[in-house]
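Notes for the one structure printed next.
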Amino acid sequence: FNLMTILCDRIENVSHCLSEATTIDETTGLCNRRSFQSQLEAEINRSRRYDCPLTLCLFRFNSPELVQVVADPSGGDGNLQQVATRITRDLRRCDTLGRIDTHTFALLMPQTPLHSARGICQRMQQLVAQGEDRLDFAYGLAELEEADRENGHELLDRAVPTLPET
């Protein structure tokens, strides 16, 4: 009985670690693309069910140093983690921040109309610029429209054209 309990505990622990490894971006500690996509679909459904706004923000940092860090993470994991921490510190608990591509991050803002999301993104830009590395990012926004029956992929696709090229 005791050996079986120990084995079950270890299996549960390993299962938890594997599950976390498949949903978390190693470099930043944020949601990875798969985890973010899953959260996006859940929030789209919730937004439709309760008839409340939902806005998605995609952003890329304009800093060549950070792009270099992303391209060669062996030299700067700490920088990306600090940036992620700086941004998440100012977000609401219901917001979801994720790294969905090497250079692209996404912020999901439930119960947030487009005009409010712009203000949040501008505040994030100011917050990020206050660090000693003085980073800046470009962002694009897309709001889930009432009549749209789009899924998460389509909402992401709609936000991409609004994101300035870097």
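Worth saying up front: this structure is predicted, and the values here are computed from it rather than measured.
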Determine, step by step, whether F36 and L56 satisfy the side-chain contact (heavy atoms from CB on, under 4.5 Å) criterion, reporting the C-alpha distance in whole Å, the side-chain angles of both residues, the deciding distance to 0.1 Å, and the verdict. CA-CA 11 Å; F36 186 85; L56 172 69; 3.7 Å; yes
side-chain contact (heavy atoms from CB on, under 4.5 Å) between M124 and F137, intermediate numbers included: CA-CA 9 Å; M124 279 188 347; F137 61 83; 3.8 Å; yes
Are R60 and D101 close enough, and set up right, to give a side-chain contact (heavy atoms from CB on, under 4.5 Å), and what steps lead you there? CA-CA 10 Å; R60 288 190 193 115; D101 196 351; over 6 Å; no
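Side chains of D25 and F105 form no contact here, defined as non-hydrogen atoms less than 4.5 Å apart. In this structure, Y50 and Q111 have side chains that are not in contact, with every pair of non-hydrogen atoms separated by 4.5 Å or more. At a threshold of 4.5 Å between non-hydrogen side-chain atoms, the residues I87 and L127 do not count as touching. Residues Q126 and D90 fail the side-chain proximity criterion, which asks for heavy atoms closer than 4.5 Å. At a threshold of 4.5 Å between non-hydrogen side-chain atoms, the residues I44 and S47 do not count as touching. Under the 4.5 Å side-chain criterion, counting only non-hydrogen atoms from C-beta, C94 is not in contact with E43.
A donor-acceptor contact under 3.5 angstrom links the side chains of E41 and Q37, judged on distance only.
In this structure, the separation between CG on L91 and CZ on R89 is 11.0 Å, given to the nearest 0.5 Å. One finds the CG atom of L40 at 9.0 Å from the OG1 atom of T96 (value rounded to the nearest 0.5 Å). Atom CG in L30 sits 4.5 Å away from atom CG in L97 (nearest 0.5 Å). Put simply, CG on N151 and CG on N45 are 10.0 Å apart, with the number rounded to the nearest 0.5 Å. Separating the CG atom in L107 from the CZ atom in F59 is a distance of 6.5 Å, to the nearest 0.5 Å. Between L156 atom CG and I100 atom CD1 the span is 5.0 Å, to the nearest 0.5 Å.
Under a 3.5 Å cut-off, the side chain of R118 and the backbone N or O of L141 do not form any donor-acceptor pair. Here the side chain of R158 pairs a donor or acceptor atom with the backbone of E143 at under 3.5 angstrom.
The minimum heavy-atom distance linking N32 with S35 is given by the pair OD1-N, 2.9 Å. Minimum heavy-atom separation, S116 to T112: CB-CG2, 3.8 Å. Summarising the geometry of A106 relative to L58, their closest heavy-atom pair is CB-CD2, 3.6 Å, with the distance given to 0.1 Å.
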